[in-house]
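Only heavy atoms go into these numbers, but all of them, side chains included; no hydrogens, no water, no symmetry mates. Sequence lines set the chain letters: A, B, ... in the order given, protein chains first and strands last, and positions in each chain run from 1.
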2 protein chains.
Amino acid sequence: MNNKEKLRKAGLRPTKQRMIIADILLDGINRHFTAENLQNEINSSGNSMSIATIYNCLKKFRNCGLIKQVESSKDTAIFDTNINQHHHFLDEETGKLIDIENDEVNLHKLPKIPQGYLNNGVEVLIKIKKQI
Amino acid sequence: MNNKEKLRKAGLRPTKQRMIIADILLDGINRHFTAENLQNEINSSGNSMSIATIYNCLKKFRNCGLIKQVESSKDTAIFDTNINQHHHFLDEETGKLIDIENDEVNLHKLPKIPQGYLNNGVEVLIKIKKQI
DNA sequence: TTTTACTTTAAAATCGTTCTAAACTACTTG
DNA sequence: CAAGTAGTTTAGAACGATTTTAAAGTAAAA
Ligand SMILES: [Mn+2]
Ligand SMILES: [Mn+2]
Ligand SMILES: [Zn+2]
Ligand SMILES: [Zn+2]
């Protein structure tokens, strides 16, 4: 399926701007990035785009499940092209994230979900620190 | 150990402002809060404090290990008086966090820590959603 | 007591993100 | 295709959380 079809299937009009972003993000490579990172890639590809449009598109892509947003206490939002359920190593010094595939972690015992709620996804974060 | 001693032990001068905050936060009750939440509590206690001082103190307290900061993709920092290793339920709709004690989770299989790094803490986040 | 380093503060600045409103474009309908 | 319309892009303004500034205040050291 090409990117135009992917956008259509997600219910998004394949505009020029969304296609530029899809061409960068939906290439099958897993990565973590900020809106500014993406703007730099767009610029490098010979295109340009308003930062408002980049935020609009990232939000649409995320809400359609084409990308994810990572839980992170950094002040800048981090997005993730790996949409499979997976986990992360986090180097708190640098903010760098490394994927952990889902089958690398085995949660043996899980607490009971609070009354009236449903489990909506489990994320494991392993904080790591450079060895001295 | 009283709060003045706790601050001294943490290497912090027990100033009037830090004592006011310690009296609120270090009462042994586990809670999640923002800088603004804390300012409201300070006001309710009949005191007042510049928001810059509140941020300064929270950062110092966190760096000394008197409190923690939660990983959260919300735009407002969330702090935690529960400094034991523990986990969270997160209702993504409301942002509400609920503690999960460490022994309620059992990680059976963990991935190998990347070369040159040390494990610096594991956090499990269980996203939950209101049942319909 | 004097000195020193650290702390607090109001206000300004910063920075990521969202909003506004006007111009533009993709899709629908005739 | 031609119009109509609903959705999208944009520059720039606005916003809100957090940090910085720089001057006044306070705690600890000498
Ligand atoms: Mn955050
Ligand atoms: Mn943010
Ligand atoms: Zn990832
Ligand atoms: Zn907690």
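When the side-chain nitrogen and oxygen atoms of A:Lys59 are compared with OP1 and OP2 of C:dT18, one or more of them lie within a distance under 4.0 Å. Regarding contacts with the backbone of D:dT10, a side-chain N or O of A:Thr53 is found under 4.0 angstrom from either OP1 or OP2. Taking side-chain N and O atoms only, A:Lys74 has no distance below 4.0 Å to OP1 or OP2 of C:dG16. Between A:Lys60 and D:dT8 there is a side-chain N or O to OP1 or OP2 distance below 4.0 Å. The phosphate of D:dT10 has OP1 or OP2 within less than 4.0 Å of a side-chain N or O from A:Gln17.
Among the nucleotides D:dT9, C:dT7, C:dA10, the one closest to the side chain of A:Thr15 is D:dT9. Comparing C:dT7, D:dG12, C:dA10 by their nearest atom to the side chain of A:Ala52 picks out D:dG12. Minimum atom distance to the side chain of A:Pro14 is reached by C:dA26, of the listed C:dT9, D:dG12, C:dA26. For A:Ala77, the listed nucleotide lying nearest its side chain is C:dT17; candidates were D:dT9, C:dT9, C:dT17.
Atom pair B:Ile51:CD1 and C:dA12:C1' shows a separation of 16 Å (rounding to whole Å applied). Between A:Asn47 atom CG and D:dT10 atom P there is a gap of 11 Å when expressed in whole angstrom units. At whole-Å resolution of the value, CG in A:Leu58 and P in C:dT17 are 10 Å apart. Protein atom CD of B:Gln39 is 10 Å distant from nucleotide atom P of C:dA10, rounded to whole Å. When rounded to the nearest whole Å, the span between CD1 of A:Ile21 and P of D:dT9 equals 8 Å. Straight-line distance from the CE atom of A:Met49 to the C1' atom of C:dC24: 15 Å, rounded to whole Å. Rounded to whole angstrom, the span from the NZ atom of A:Lys4 across to the P atom of C:dT25 amounts to 15 Å. Taking atom CZ on A:Arg13 and atom P on C:dT25, their separation rounds to 13 Å, with Å as the unit.
Within the 3.5 Å criterion, the main-chain N or O of B:Asn40 finds a donor-acceptor partner in the side chain of B:Ser44. Counting only distance, with no hydrogens or angles, the side chain of A:His87 and the backbone of A:Val124 share a donor-acceptor pair below 3.5 Å. A donor-acceptor pair under 3.5 Å is formed between the side chain of A:Thr81 and the backbone N or O of A:Arg31.
Atom CD1 of B:Ile20 is separated from atom CG of B:Leu25 by 12.0 Å, given to the nearest 0.5 angstrom.
Nearest-nucleotide positions on DNA chain D for A:Lys16 and B:Asn56 put A:Lys16 closer to the 5' end. Position along DNA chain C of the nearest nucleotide to A:Arg8 versus B:Ile54 favours B:Ile54 as the more 5'-ward residue.
Of the charged side-chain nitrogens involved, none lies within less than 4.0 Å of a carboxylate oxygen, so that A:Lys130 and A:Glu93 do not count as a salt-bridged pair.
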